[in-house]
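Beneath this line is the structure, given in structure tokens, with notes to follow.
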Amino acid sequence: MAVLWLDEIGADDLESVGGKAASLGELTAAGLPVPPGFVVTAGTYRRFIEETGIDEELFEAVDVDAEDSKALAEAEARAQELILETEMPEDLREEILASYEDIGDDEAFVAVRSSATAEDLPDASFAGQQETFLNVTGQDLLDRVKRCWASLFTQRATYYRQEQGFSHDKVDIAVVVQQMVEAEKSGVMFTSHPSTGERQVIIEAAWGLGEGVVSGSVTPDNYVIDRETGAVTDVEVADKKTMYSKDPETGETNERPVPEEKRNERVIDDTEIERLVELGEQVEDHYDTPQDVEWAIFEGEVYMLQSRPITTISEDGESAATADGSGAAATQKDEEDVLLSGLGASPGIASGAVRIVDKLDQLDKVGEGDIIVTEMTTPDMVPAMKRAAGIVTSEGGMTSHAAIVARELGAPAVVGTGGATDALEDDQLVTLDGDKGTIREGVETEDETEPVEEVRPQAPVKPMTATEVKVNVSIPEAAERAAATGADGVGLLRIEHMILSTNKTPERYIEDHGEDAYIEEIVDGVRGVADEFYPRPVRVRTLDAPTDEFRQLEGGENEPEEHNPMLGYRGIRRSLDTPDVFKHELEAFRQLFEMGYDNVEIMFPLVNDAEDVLRAKGLMEEAGIDPEKRSWGVMIETPAAALGVEKMAEAGIDFASFGTNDLTQYTLAVDRNNGNVADRFDELHPAVLDLISQTIETCRDHDVNTSICGQAGSKPRMVKHLVNEGATSISANIDAVRDVQHEVKRVEQKLLLDSVR
């Protein structure tokens, strides 16, 4: 038979119906509310490709090098052509359409979902790699079934199978055809905590169809339920701007605005939560393992749409601070108790005594657990920042030094308050909220957290993504915390913090201590991070400090006065202009390579064109570094670099990494440290995104890897854009790595990535 009904199948039928269908059959047999439907079996797919004679050509077409993006794209195109343009045998057509008519009339809407035979297994999750179609009628059913078959050979699916060791000719695909639930509300439920495995139910809920929640395009409500008591311990009501629903005229699934009165309204009530928890516990008990369940509610009835094991329980969910409500640990006060407001730049809540720092010689007064308050932090303040419980600045934004370092240290921070050094006083006891961006009077926190443990996965399994997720590291002291995230490597290690923390300019340090000591400072700093991550790659950016930061150091009295140092004497332009100093940085890299640190990569900042690249390459060669054997590349931080990347690729770079802080600044003419125009700083501006897209396309044509290491890499919308465009890797802030891994996985599963890999 070409078709089996859901109530006829179960876990024993995995090979013939695939993981998704087998799970739905199990749920149906267990008496759970599953919409009726049938499965076009894996044997039917196999019969189709064999009887029509396309099987050998199909498997030959996809037998390509998974690392060759061009070959993958060609394989996908050929596989799709073979399947979609081959007529389905008449008896198969008739049986599928007859089964459809048994669900309803000719106009019944069904969901058509792929169910690969290696999908949703306890130790591997292929879910979402193949196609799903919603609100399909009989007219398009056969076409959608064939498109599900063809989606077995998307670039993403082909790549992942080869990485997992699954043979293409051994994996079959079934197709689930199931009555659509015209959901009024829907979402996802984790039957145990997705990060820790604790006995908590986490429910995400949004209006309309669940497409938006699963894809990540809709911000859902978040509900946390204690399974021991049944109590709802936390409710986060999101601002739900969009929803997915069926167009009553065309039947198509459309995205539309949520009615104004529902945007900030709670989606599910306590009765619905009780029903969901009850069903979730039945599902987990049935499988004897925590489950990730998709659900929908229509006319008061709850339906189970899908269930799979949480194969990535340590890192596949939201961050613990979001999921368990710990971000709201402090006592809430009225707005009148807020002393100051700014930008919440690093999450968490901290209480302590204020220590005003106006000058560098005042850093010693900052002790363990104090709140450092300053106009704007600089690299030489890092030792004091490490001692502080929290950080407050008068100036700066989300991409300022204070914000970046605070996130890496795991210290709550509020920046851009516009006058903290005047409004607060030494010894004053305050509580800062790095989520809300507020400073309140008095001490409100009780529990202390361990920064490393906050980011450390609770189990070794992590989401499998074709796009690598790396981590940004500003200071070597943050290496342990960064490595604990399980990131695929370091996308940005800033060398200037190693040098500037000496409180001396490079020239003064060399004058006082000698060349060898200067080189050793760099070697020791990089080696500490490279050791933590080995053999994972560590991408080290050469010195990129503006003149105003140098001027505050010993030896900085002769630094030029610049109206806007961000546009001035910094990055590769300074390095090329002072080769006698720059050669010591390169010598440090040479020594690291000689010591066996083959995971270290060199990245040049603020390049404008191929001439910059060729000059830097020449200096590498003079220092004894072979550009053909070592991985090296550039930052794309200016429109000139983005538009000139092809010539740079021809010059020999291995990678190009977007520094979105500067790229946005230079594209939009917005000083990122100027509070007067902070509201105009938008890394997601269409012009910035266009430059990124053009660069990725050019680099892909020249086999140059692309990545992002700017602040925007931690934003879901930027993640979606980069994955869709085909970036090789994304480097996120330490506190965001787990969420970005989850987001990348979700986007990769939703998007087909038609021709980007």
Side-chain angles (χ1 to χ4, degrees), residues 1-9 13 16-25 28 34-49 51-52 54 79-117 119 128-154 172-183 209-211 244-254 294 296 298 303 305-306 752:
M1 294 180 64
V3 165
L4 291 173
W5 289 88
L6 292 181
D7 58 9
E8 298 178 309
I9 61 176
D13 301 298
S16 62
V17 300
K20 183 177 294 154
S23 175
L24 289 170
T28 302
V34 177
F38 61 88
V39 186
V40 180
T41 67
T44 303
Y45 154 77
R46 180 64 59 167
R47 179 184 160 194
F48 166 73
I49 62 172
E51 286 192 5
T52 57
I54 65 172
Q80 188 173 60
E81 180 184 26
L82 284 168
I83 292 173
L84 296 184
E85 295 185 6
T86 299
E87 192 73 20
M88 188 183 296
E90 185 63 27
D91 60 327
L92 298 185
R93 294 168 54 90
E94 291 179 357
E95 186 171 352
I96 292 170
L97 290 175
S99 299
Y100 166 77
E101 291 173 1
D102 286 342
I103 287 181
D105 57 33
D106 291 341
E107 296 302 318
F109 288 97
V110 293
V112 182
R113 304 176 186 270
S114 306
S115 182
T117 57
E119 180 178 64
Q129 290 185 13
Q130 281 75 54
E131 191 60 272
T132 289
F133 300 97
L134 303 180
N135 292 312
V136 177
T137 60
Q139 180 180 352
D140 298 317
L141 177 60
L142 295 176
D143 174 75
R144 299 301 186 265
V145 169
K146 289 171 69 176
R147 289 186 181 277
C148 284
W149 289 343
S151 71
L152 191 61
F153 302 103
T154 62
D172 291 334
I173 187 169
V175 179
V176 178
V177 179
Q178 193 175 18
Q179 185 180 70
M180 276 291 300
V181 175
E182 199 169 331
L209 300 173
E211 192 78 355
Y244 285 81
S245 61
K246 183 181 73 176
D247 187 306
E249 295 183 5
T250 66
E252 295 180 353
T253 302
N254 292 329
E294 293 179 29
F298 176 64
Y303 295 90
L305 305 182
Q306 188 175 336
L752 296 180

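All values derive from a computational prediction rather than experimental measurement.
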**OP:** Given side-chain contact (heavy atoms from CB on, under 4.5 Å), test R46 with I49 step by step and report yes or no.
**Re:** CA-CA 5 Å; R46 180 64 59 167; I49 62 172; 4.2 Å; yes
Is it the case that the side chain of [X] and the backbone of [Y] share a donor-acceptor pair, with hydrogens and angles ignored and the cut-off at 3.5 Å?
{"X": "Y45", "Y": "D172", "value": "no"}
{"X": "Y100", "Y": "A108", "value": "yes"}
{"X": "Q178", "Y": "P35", "value": "yes"}
{"X": "S115", "Y": "A174", "value": "no"}

How long is the straight-line distance from [atom2] of [Y] back to [atom1] of [X], given to the nearest 0.5 Å?
{"X": "L92", "Y": "L97", "atom1": "CG", "atom2": "CG", "result": "11.0 Å"}
{"X": "E95", "Y": "R93", "atom1": "CD", "atom2": "CZ", "result": "13.5 Å"}
{"X": "I54", "Y": "L82", "atom1": "CD1", "atom2": "CG", "result": "5.5 Å"}

Provide the closest heavy-atom pair for [X] versus [Y] in the form atom of the first, atom of the second, distance.
{"X": "W149", "Y": "I173", "result": "CD1-CG2, 3.5 Å"}
{"X": "R113", "Y": "C148", "result": "C-SG, 4.2 Å"}
{"X": "L84", "Y": "K146", "result": "O-NZ, 3.2 Å"}
{"X": "L209", "Y": "A183", "result": "CD2-N, 3.8 Å"}
{"X": "V3", "Y": "S99", "result": "CG1-OG, 3.5 Å"}
{"X": "A21", "Y": "I9", "result": "O-CD1, 3.4 Å"}

Any side-chain heavy atom of [X] within less than 4.5 Å of one from [Y]?
{"X": "T86", "Y": "F48", "result": "yes"}
{"X": "W5", "Y": "D102", "result": "yes"}
{"X": "L141", "Y": "V177", "result": "yes"}
{"X": "F153", "Y": "I83", "result": "yes"}
{"X": "L134", "Y": "M180", "result": "yes"}

**OP:** Identify, with sequence neighbours excluded, every residue that meets salt bridge (charged side-chain N to carboxylate O under 4.0 Å, His left out) alongside E51.
**Re:** R47
**OP:** With sequence neighbours left out, write down each residue that passes salt bridge (charged side-chain N to carboxylate O under 4.0 Å, His left out) with R147, or none if nothing qualifies.
**Re:** D143
**OP:** Run the numbers on F109 and T137 for side-chain contact (heavy atoms from CB on, under 4.5 Å), then give the verdict.
**Re:** CA-CA 5 Å; F109 288 97; T137 60; 3.6 Å; yes
**OP:** List the steps and the verdict of side-chain contact (heavy atoms from CB on, under 4.5 Å) for V17 and L4.
**Re:** CA-CA 8 Å; V17 300; L4 291 173; 4.2 Å; yes
**OP:** Could you tell me whether the side chains of T44 and T41 share a donor-acceptor contact shorter than 3.5 Å?
**Re:** yes
